[in-house]
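This is the structure I want to talk about, given as structure tokens.
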Amino acid sequence: MAAQYIDDVWAVTRLIPPGRVSTYGAIADFLTLGSARMVGWALFQSVSGPDNDVPAHRVVNRRGELSGRNHFRPPTLMQERLEAEGVAVRDDAVVDFDRLFWSPTVLLS
DNA sequence: TCTTTGACGTACA
DNA sequence: GTGTACGCCAAAG
């Protein structure tokens, strides 16, 4: 069974609205994991395992780059899904990332 | 058990 | 803007 933080990360990731993106640091800070790497690891488990019902493609690094696209099958799946949701991707990075950025902290409001 | 690596981020030169 | 260093925590070898 997955660890608790894995479940939390998946829950937050599922809350990301379609057409929006979030960052590892924002989720890590929201869950007070203390390390953004845990977020990436948790999402990697979702993509690698059978529980791929997590929109991991909506989570990018701080620059808005698709750093984890190489872990998708095929590696272009991440960009394809983002573009399918209306998120423009250019040079492995989200266009207008500042505008499309979504933070889980909005749930606190 | 120790070492290395990893979907990151911040600090500093 | 670029390169280096460190912290952070967990999994794999």
Side-chain angles (χ1 to χ4, degrees):
Chain A
M1 189 53 188
Q4 185 62 44
Y5 42 84
I6 299 246
D7 193 27
D8 291 338
V9 170
W10 291 5
V12 173
T13 304
R14 279 188 266 251
L15 293 176
I16 301 175
R20 292 296 202 93
V21 294
S22 187
T23 66
Y24 304 100
I27 296 173
D29 183 64
F30 176 72
L31 297 176
T32 63
L33 296 179
S35 179
R37 286 188 168 159
M38 303 295 90
V39 179
W41 209 280
L43 293 177
F44 170 68
Q45 299 301 322
S46 72
V47 180
S48 179
D51 299 313
N52 33 5
D53 57 337
V54 180
H57 57 277
R58 295 180 191 153
V59 184
V60 294
N61 65 3
R62 190 192 170 304
R63 289 187 188 169
E65 300 174 74
L66 284 60
S67 46
R69 74 184 167 134
N70 197 29
H71 294 268
F72 284 80
R73 275 84 64 183
T76 56
L77 180 63
M78 189 173 187
Q79 179 174 341
E80 292 293 325
R81 288 184 95 177
L82 285 174
E83 291 180 335
E85 295 180 354
V87 179
V89 177
R90 182 182 179 83
D91 193 32
D92 298 332
V94 177
V95 180
D96 292 333
F97 170 71
D98 294 342
R99 197 165 60 87
L100 298 175
F101 173 73
W102 180 87
S103 177
T105 55
V106 298
L107 300 175
L108 300 178
S109 62

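In what follows, every chain begins at residue 1, and chains take the letters A, B, ... in the order their sequences are listed. Everything numeric here is computed off the predicted structure, so don't read it as measured data. Basis for what follows: all heavy atoms, side chains included, without hydrogens, waters or symmetry-related copies.
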Considering all heavy atoms of both residues, which atom of A/Val47 and which atom of A/His71 are nearest to each other, and what is their separation?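 Scanning both residues completely, I find the closest heavy atoms to be CG1-O, 3.8 Å.
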
Minimal non-hydrogen separation, A/Thr23 against A/Arg62, with atom names: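 Closest pair (atom of A/Thr23, atom of A/Arg62, distance): CG2-CA, 4.3 Å.
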
Hey, does A/Phe101 have a side-chain heavy atom less than 4.5 Å from the side chain of A/Val94?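 No, their side chains stay 4.5 Å or more apart.
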
For DNA chain C, note the earliest and the latest nucleotide, 5' to 3', having some atom under 4.0 Å of a heavy atom belonging to chain A.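 Taking any atom under 4.0 Å from a heavy atom of chain A, the span is C/dG7 to C/dA11.
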
By salt bridge (charged side-chain N to carboxylate O under 4.0 Å, His left out), which residues pair with A/Asp53, not counting sequence neighbours?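 Expected list: A/Arg14.
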
For a 4.5 angstrom cut-off between non-hydrogen side-chain atoms, does A/Ile16 reach A/Thr13?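 They are in contact (side-chain heavy atoms under 4.5 Å apart), so the answer is yes.
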
Shortest non-hydrogen contact from A/Ala26 to A/Ser103?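 Answer, listing the atom of A/Ala26 first, then A/Ser103: CB-OG, 4.4 Å.
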
On DNA chain C, nearest-nucleotide positions of A/Arg63 versus A/Met38: which is more 5'?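 Looking at the nearest nucleotide for each, A/Arg63 comes out on the 5' side.
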
Which of residues 91-100 of chain A have a heavy atom under 4.0 Å from DNA chain B?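 Heavy-atom contacts with DNA chain B come from no residue of residues 91-100 of chain A; none.
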
Is there a side-chain contact between A/Gln79 and A/Phe72 (heavy atoms, below 4.5 Å)?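 Side chain of A/Gln79 against side chain of A/Phe72, heavy atoms only: no contact under 4.5 Å found.
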
Do A/Asp8 and A/Leu33 have side chains that approach each other closer than 4.5 Å (heavy atoms only, starting at C-beta)?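 No, side chains not in contact.
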
Sub-3.5 Å donor-acceptor pair from the side chain of A/Ser22 to the main-chain atoms of A/Val59, do we have one?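 Not confirmed, A/Ser22 side chain does not pair with A/Val59 backbone.
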
Going by number, which of residues 12-32 of chain A have a non-hydrogen atom under 4.0 Å from DNA chain B?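 Output list: A/Tyr24, A/Gly25.
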
Quick one: are A/Val60 and A/Met78 in side-chain contact, heavy atoms under 4.5 Å?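 Of all side-chain heavy-atom pairs linking A/Met78 with A/Val60, at least one is under 4.5 Å.
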
Please tell me which of A/Ala36 and A/Gln45 maps to the more 5' nucleotide of DNA chain C, matching each residue to the nucleotide holding its nearest heavy atom.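 By nearest-heavy-atom nucleotide position, the 5'-most residue is A/Ala36.
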
Which part of the nucleic acid, if any, lies within contact of A/Val39, taking any heavy atom under 4.0 Å across all strands shown: a base, the sugar-phosphate backbone alone, or nothing?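 If one applies the 4.0 Å heavy-atom cut-off, A/Val39 turns out to touch nothing in the nucleic acid.
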
To check you understand the geometry: which heavy-atom pair defines the closest contact between A/Gly68 and A/Tyr24, and what is its length?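 That closest heavy-atom pairing would be N-OH, 4.4 Å.
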
Under 3.5 Å, which protein N or O atoms sit close to an N or O of nucleotides 10-13 of chain B? Give each pair with its distance.
| unit_1 | atom_1 | unit_2 | atom_2 | d |
| --- | --- | --- | --- | --- |
| B/dT10 | OP2 | A/Arg62 | NE | 2.9 |

Smallest separation among heavy atoms of A/Ala42 and A/Trp10, with atom names: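 Result for this residue pair: O-NE1, 2.9 Å.
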
Near-strand residues of residues 69-77 of chain A, defined as heavy-atom separation under 4.0 angstrom from DNA chain B: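 Within this stretch, A/His71, A/Phe72 sit under 4.0 Å of the strand.
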
The test is side chain to side chain contact (heavy atoms under 4.5 Å, CB included); show your working for A/Leu31 and A/Tyr5 and say whether it passes. CA-CA 8 Å; A/Leu31 297 176; A/Tyr5 42 84; over 6 Å; no

Is it the case that the side chain of A/Asn61 and the backbone of A/Arg63 share a donor-acceptor pair, with hydrogens and angles ignored and the cut-off at 3.5 Å?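 Judged by distance alone, yes, a pair lies under 3.5 Å.
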
For a quick test of reading the model, state the closest non-hydrogen atom pair linking A/Trp102 to A/Val12 and the distance between them.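 Residues A/Trp102 and A/Val12, closest heavy atoms: CZ3-O, 4.4 Å.
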
